[in-house]
Amino acid sequence: MIQYDAIYLKIRDAIVTQQLVPGVRLPEDKLAERFKVSRTAIRKVLQQLAIERFITIQPNKGAEVRTPSATEAQEVFESRILIETGLIPAIANHWQPHHAENLRKIIEQEDRAKDENDFAAAIRYTALFHIELAKVANNDTLTQFVEQLAFRSSLIIAVFGTKHSVGCDCGSHIELISLLDNGEVNAAKTWMEHHLEIIQNSLVFDKDNKAVDFDTLFH
């Protein structure tokens with residue numbers, strides 16, 4: 001039997017990579033049948049996703065993938081700019097060669113996804129980079145905020161983003177690694193702020209939805 005956490009991650013990842021698009025209903029019975037668990041277990045997963053604002057649950061209507069608004073998108077990125085730029089000094093204070101090495105591996109995967117025009121994977125690795133970078137600051141509370149915002153950003157980018165949202169226009173993460181390696185804290189803060197602002201400004205709020213086959217998606 002697939003465990004609760006595994007089901008949660010599968011559904012969340014499908015949402016942030018836009019395999020499950022905003023407005024798609026998430027029927028408890030179909031998901032329970034697909035994952036071979038009880039509807040109570042699925043309900044628990046859906047409730048957690050609702051708390052994290054990936055889906056909405058309405059009485060007598062059930063759950064559906066949440067549709068982020070333009071206002072929410074702006075607020076999420078404004079929050080990321082404040083938090084992630086503010087974390088740079090702490091990240092610099094704890095910076096070690098192994099941090100750079102681990103992050104470069106993520107960048108390699110991100111770049112490969114871009115080269116292969118795998119938009120969903122590029123979004124996923126971009127979020128992972130920012131989450132792992134935040135961990136270097138050694139502040140669990142702020143890292144949790146960054147993780148939640150990064151995944152919400154992934155949904156926003158999947159829905160409203162373009163190639164410019166994950167392309168070279170917003171700067172390569174390797175540039176930030178070089179600045180941190182050299183101890184250029186102020187330049188790193190400026191880079192982070194500019195990077196997130198470019199992604200924010202690349203969003204286009206006129207995407208269409210599509211249907212989904214749960215058996216095919218969660219094969």
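Residues: numbered from 1 along the sequence shown. Quick caveat: nothing in here was measured; it's all calculated off a predicted structure. Heavy-atom basis, side chains included; hydrogens, waters and symmetry copies ignored.
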From [X] atom [atom1] to [Y] atom [atom2], the distance as rounded to the nearest 0.5 Å:
X	Y	atom1	atom2	answer
Gln148	Ser79	CD	OG	10.0 Å
Glu75	Glu78	CD	CD	7.0 Å
Asp140	Phe145	CG	CZ	12.0 Å
Thr85	Glu197	OG1	CD	8.0 Å
Asp118	Gln109	CG	CD	12.0 Å
Asn102	Ile107	CG	CD1	11.0 Å

Flag side-chain contact, heavy atom, 4.5 Å: [X] against [Y]:
X	Y	value
Phe151	Ile15	no
Gln96	Val136	no
Pro68	Phe160	yes
Leu31	Leu46	yes
Leu176	Phe129	yes
Pro89	Lys189	yes

Q) So, do His94 and His99 have ring centers that fall under 6.0 Å from each other? A)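 Distance test on ring centres: not under 6.0 Å, no.
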Going by atom type alone, with no hydrogens or angles, which donor-acceptor pairs under 3.5 Å involve a side-chain atom of residues 50-62 and a protein atom two or more places apart or on another chain?
from	atom 1	to	atom 2	distance (Å)
Glu52	OE1	Tyr8	OH	2.4
Glu52	OE2	Tyr8	OH	3.3
Glu52	OE2	Gln48	NE2	2.8

(Q) Let's go through Arg112 and Tyr125 carefully: what are the C-alpha distance in whole Å and the side-chain angles of both, what is the deciding distance for side chain to side chain contact (heavy atoms under 4.5 Å, CB included) to 0.1 Å, and is it a yes or a no? (A) CA-CA 10 Å; Arg112 188 177 303 113; Tyr125 288 123; over 6 Å; no
(Q) With side-chain contact (heavy atoms from CB on, under 4.5 Å) as the test, pick out the partner of Glu110 among Ile174, Asp115, Thr126. (A) Thr126
Q: Using the side-chain contact (heavy atoms from CB on, under 4.5 Å) rule, pick out the option among Val146, Ile106, Leu128, Leu180 that qualifies with Leu133.
A: Leu180
Lys/Arg N to Asp/Glu carboxylate O, [X] vs [Y], below 4.0 Å:
X	Y	value
Glu28	Arg39	yes
Arg34	Asp29	no
Glu132	Lys135	yes

Q.
Ser153 vs Arg80, test: side-chain hydrogen bond (donor to acceptor under 3.5 Å, both in side chains). Steps then yes/no.
A. CA-CA 9 Å; Ser153 296; Arg80 288 190 64 183; 3.2 Å; yes
Work out which heavy atom in [X] is nearest to a heavy atom in [Y]; give both atom names and the distance.
X	Y	result
Ala137	Ala90	CB-CB, 3.9 Å
Arg66	Leu155	O-CD2, 4.2 Å
Ile123	Val16	CG2-O, 4.1 Å
Leu142	Leu87	CD1-CD2, 3.7 Å
Leu179	Trp191	CD1-CB, 3.9 Å
Pro27	Arg25	CD-O, 3.3 Å

Q | For Thr190, all residues meeting side chain to side chain contact (heavy atoms under 4.5 Å, CB included), sequence neighbours excluded | A |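 Thr190 satisfies side chain to side chain contact (heavy atoms under 4.5 Å, CB included) with no other residue.
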Q) Given the rule in the side chain to side chain contact (heavy atoms under 4.5 Å, CB included) test, do Ile198 and His194 qualify, once you have shown the distances and angles that lead to the verdict? A) CA-CA 6 Å; Ile198 291 175; His194 186 58; 3.2 Å; yes
**Q.** side chain to side chain contact (heavy atoms under 4.5 Å, CB included) between Tyr4 and Val37, intermediate numbers included
**A.** CA-CA 9 Å; Tyr4 164 83; Val37 296; over 6 Å; no
Q: Any chance you could lay out the side chain to side chain contact (heavy atoms under 4.5 Å, CB included) test for Glu64 and Leu26, step after step, and finish with the verdict?
A: CA-CA 5 Å; Glu64 66 177 42; Leu26 302 171; 5.7 Å; no
(Q) Using a 6.0 Å cut-off, check whether atom CD of Gln74 has over 12 heavy atoms from anything other than its own residue. (A)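 Yes, CD of Gln74 has more than 12 neighbouring heavy atoms, counting only those of other groups under 6.0 Å.
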Q) Any donor and acceptor pair, going by atom type alone, linking the side chain of Ser172 with main-chain N or O of Glu175 inside 3.5 Å? A)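 The answer is no, because no donor-acceptor pair under 3.5 Å joins these two groups.
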Q. With no hydrogens and no angle check, is any side-chain donor or acceptor of Asn139 less than 3.5 Å from a backbone partner on Thr141?
A.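 Yes: the side chain of Asn139 pairs with the backbone of Thr141.
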Q: Verify the cluster assignment for Leu82 and Ile131: are they in a single hydrophobic cluster under the rule of side-chain heavy atoms below 4.5 Å apart?
A: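 Different clusters.
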Q) Do the ring planes of His195 and His173 sit parallel (below 30°), tilted (30 to 60°) or perpendicular (above 60°)? A) perpendicular
